[in-house]
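Note that these values count all heavy atoms, side chains included, but never hydrogens, waters or copies made by symmetry. A, B, ... follow the sequence lines: proteins, then strands. Residue 1 opens every chain.
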Amino acid sequence: MLLTGQSGLGKSTMVNTLFKSKAWQSNLPSLEVPIPQTLELHSVTHVIEEKGLKLKLTVTDTPGFGDQINNDKCWDPILSYINQQYEQYLQEELLITRQRHIPDTRVHCCVYFVPPTGHCLRPLDIEFLQRLCRTVNVVPVIARADSLTIEERDAFRNRIQQDMNTHCIDVYPQKCLDEDINDRILNSKIRKQIPFAVVGADREHLVNGRCVLGRKTKWGVIEVENVAHCEFLLLRDLLIRSHLQDLKDITHNVHYENYRVLRLNESHQLPRGPGWVNLAPASPGQLTSPGPGKASRKSYRDTKDDEC
Amino acid sequence: MSTGLRYKSKLATPEDKQDIDKQYVGFATLPNQVHRKSVKKGFDFTLMVAERINQTVEILKHTVDIEEKGVKLKLTIVDTPGFGDAVNNSECWKPITDYVDQQFEQYFRDESGLNRKNIQDNRVHCCLYFISPFGHGLRPVDVGFMKALHEKVNIVPLIAKADCLVPSEIRKLKERIREEIDKFGIHVYQFPECDSDEDEDFKQQDRELKESAPFAVIGSNTVVEAKGQRVRGRLYPWGIVEVENQAHCDFVKLRNMLIRTHMHDLKDVTCDVHYENYRAHCIQQMTSKLTQDSRMESPIPILPLPTPDVETEKLIRMKDEELRRMQEMLQKMKQQMQDQ
């Protein structure tokens with residue numbers, strides 16, 4: 001899981017919130033000190049066990065972007081990172097003697113933090129999301145939603161959905177990848193609620209005798225795990241409880257395949273020498289903008305994209 | 001966020017004395033700051049707010065005439081939607097610096113003109129700069145903007161949407177912003193020192209004001225019910241934020257500073273410092289252009305040539321006449337004496 005967005009939107013706090021969330025039985029260690037500005041990509045991995053099933057969850061925090069006066073191409077480092085993971089997997093896959101379980105460091109989901117301006121998506125968000133959606137499953141969230149009232153949140157959400165339609169931003173769960181009617185019904189409900197308005201917190205406070213994760217202000221305590229306050233639980237459940245396998249499937253069958261096809265096409269343009277199965281290093285241009293081709297979820301047929 | 005500055009105009013005749021105090025914004029104290037004569041004319045105050053929404057920066061002016069206890073105030077608020085929201089924000093402050101310069105230029109022309117009795121002062125007296133509460137301090141755009149404008153207008157930095165921060169975060173952010181303002185050499189508006197003969201209460205208030213800068217503000221257009229009272233605020237599932245509650249945010253401090261205590265100082269600094277800088281710069285440019293062009297005539301209304309006005313000239317002519325007559329008389333007398 002990759003968390004990305006402008007700096008100061010609570011990505012690093014969200015890493016802690018995800019792991020500190022009461023769902024996990026084990027006590028997972030996390031940072032107690034106030035989090036300084038993230039300057040480089042770093043990942044936190046934990047193995048979580050539930051009913052005998054183990055889940056190795058890796059959350060990668062990225063440094064904030066979009067702080068400079070000119071933010072052109074600020075999306076390149078993130079896209080590079082994602083493509084690097086694909087490349088790594090591809091290289092392993094092409095080996096003559098392969099491992100049985102190729103270590104999968106590919107990004108299955110990218111959570112994009114939208115700043116809570118309350119108005120609409122900014123040009124920077126639109127550019128970023130357009131590029132990101134072509135490479136990875138993107139789940140946008142409204143960050144630091146405690147600055148918006150419920151009405152403002154809903155209005156903002158509607159406008160974001162409109163913006164995403166207008167600019168052909170296909171976030172997860174993608175409409176064109178719904179397999180059957182059940183999927184469509186379930187995913188439509190989710191699509192109405194996206195982006196989730198989330199609040200992150202890594203401190204606990206006492207509220208009515210209970211110990212809750214939250215933010216304490218002079219006018220009340222914002223409880224992160226209270227659905228009346230924010231939609232953090234919806235996000236966590238989507239990513240880890242209900243759609244975990246789906247995210248992995250789409251990453252493997254769609255995004256990774258697109259990347260692979262691109263790289264293979266690229267390498268076939270080169271003359272075949274004795275080691276032709278080894279792909280030439282990817283050119284920088286290719287790494288940041290994969291082609292428009294789309295494989296469907298289970299098969300390799302091309303599905304029609306009738307939305308854009 | 002011009003919402004935080006919309007004043008309740010229903011101030012005319014409240015029945016309850018308590019209401020008077022609550023709705024009393026406070027600019028009626030202005031006469032204590034200036035001579036009685038200016039009260040009759042009324043005051044003009046222009047405020048500019050800088051925040052971000054769409055892609056291109058627009059300049060929107062809203063003017064409102066307010067009256068309190070017989071004192072009139074023409075408040076103009078200039079909004080700048082679109083500031084800083086594009087992917088590439090280089091020089092996104094240019095429309096704003098152009099606007100400020102335009103107002104100075106207009107005033108300059110008016111001041112150099114023939115009819116100076118009714119000059120309208122549209123110069124920007126104060127710029128409220130809204131800093132995002134989501135960052136870790138000042139962003140490059142913030143620094144760029146403030147450095148482009150700190151020699152042209154009084155900048156009052158504010159922390160916007162302060163209701164998304166807990167008290168410890170606000171404290172840290174204020175410290176950080178203060179440090180960065182020093183570090184980058186930004187000249188924000190400085191509250192003047194209060195006179196030594198002011199009472200202790202006033203001095204204490206003044207100290208608190210200075211220590212709270214930059215003010216963390218919240219704005220609201222809605223009235224909600226809190227503890228049985230109707231207040232201006234924001235309703236959340238976890239509580240109600242009251243805009244005019246000093247424990248919740250610094251809005252009251254900002255309002256007091258802008259209107260009750262420091263409005264006149266803001267205007268003075270604009271006139272005496274920023275405008276004079278602009279004028280000197282303008283004149284310098286013009287004179288250097290003149291010497292480059294080597295024109296024979298000088299543009300009369302603009303350059304301050306010491307031409308005597310009509311009355312003085314008359315006086316000089318009269319005196320000259322008198323002198324001449326006296327000289328003539330002296331000559332005659334001399335002649336007479338010689339003849340004798």
Measure the shortest side-chain to side-chain distance between Thr217(A) and Glu169(B) over non-hydrogen atoms and say whether it is less than 4.5 angstrom.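 Result no, sub-4.5 Å side-chain heavy-atom pair not found.
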Checking heavy atoms, do the side chain of [X], its backbone, both or neither come under 4.5 Å from chain B?
X         : value
Lys216(A) : backbone
Glu152(A) : side chain
Gln68(A)  : both
Pro115(A) : neither

Worked check of side-chain contact (heavy atoms from CB on, under 4.5 Å) between Trp219(A) and Asp163(B): CA-CA 9 Å; Trp219(A) 45 89; Asp163(B) 52 350; 3.7 Å; yes
Closest approach of [X] to [Y] (non-hydrogen atoms, all atoms of both residues):
X         : Y         : value
Ala247(B) : Lys218(A) : O-CD, 3.6 Å
Ser90(B)  : Asn70(A)  : OG-CB, 4.2 Å
Pro237(B) : Ala228(A) : CG-O, 3.4 Å
Trp93(B)  : Ile69(A)  : CH2-CD1, 4.0 Å
His229(A) : Trp238(B) : O-CZ3, 3.4 Å
Thr117(A) : Lys161(B) : O-NZ, 3.4 Å

Heaviest contributor of heavy-atom pairs below 4.5 Å to chain B, chosen from Leu148(A), Asp125(A), Asn226(A), is Leu148(A)
When heavy-atom pairs shorter than 4.5 Å are enumerated against chain B, which of Pro116(A), Ala145(A), Cys74(A), Cys230(A) gives the highest number? Pro116(A)
Measuring from Ile150(A):CD1 to Leu235(B):CG, what's the distance to the nearest 0.5 Å?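 Interatomic distance, Ile150(A) CD1 to Leu235(B) CG, rounded to 0.5 Å: 8.5 Å.
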To the nearest 0.5 Å, what is the distance between OG1 on Thr149(A) and CD1 on Ile240(B)?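 Reported to 0.5 Å precision, the distance equals 12.0 Å.
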What pairs with Asp163(A) under salt bridge (Lys or Arg N to Asp or Glu O under 4.0 Å), at least two apart in sequence or on another chain? none
Sort and list the pairs that fulfil ring pair (Phe, Tyr, Trp, His ring centres under 6.0 Å) and have at least one residue in residues 120-148 of chain A, not counting sequence neighbours. Phe65(A)-Phe128(A), Tyr112(A)-Phe128(A)
More than 12 heavy atoms of other residues, nucleotides or ligands under 6.0 Å from [atom1] of [X]: yes or no?
X         : atom1 : answer
Lys61(B)  : NZ    : yes
Lys203(B) : NZ    : yes
Lys210(B) : NZ    : yes

Arg144(A) (side chain) donor-acceptor with Leu165(B) (main chain) under 3.5 angstrom: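 Pair absent, no side-chain N/O of Arg144(A) close to backbone of Leu165(B).
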Set out, in order, the CA-CA distance, both residues' side-chain angles and the distance that settles side-chain contact (heavy atoms from CB on, under 4.5 Å) for Tyr236(B) and Ile222(A), then state yes or no. CA-CA 9 Å; Tyr236(B) 289 113; Ile222(A) 304 160; over 6 Å; no
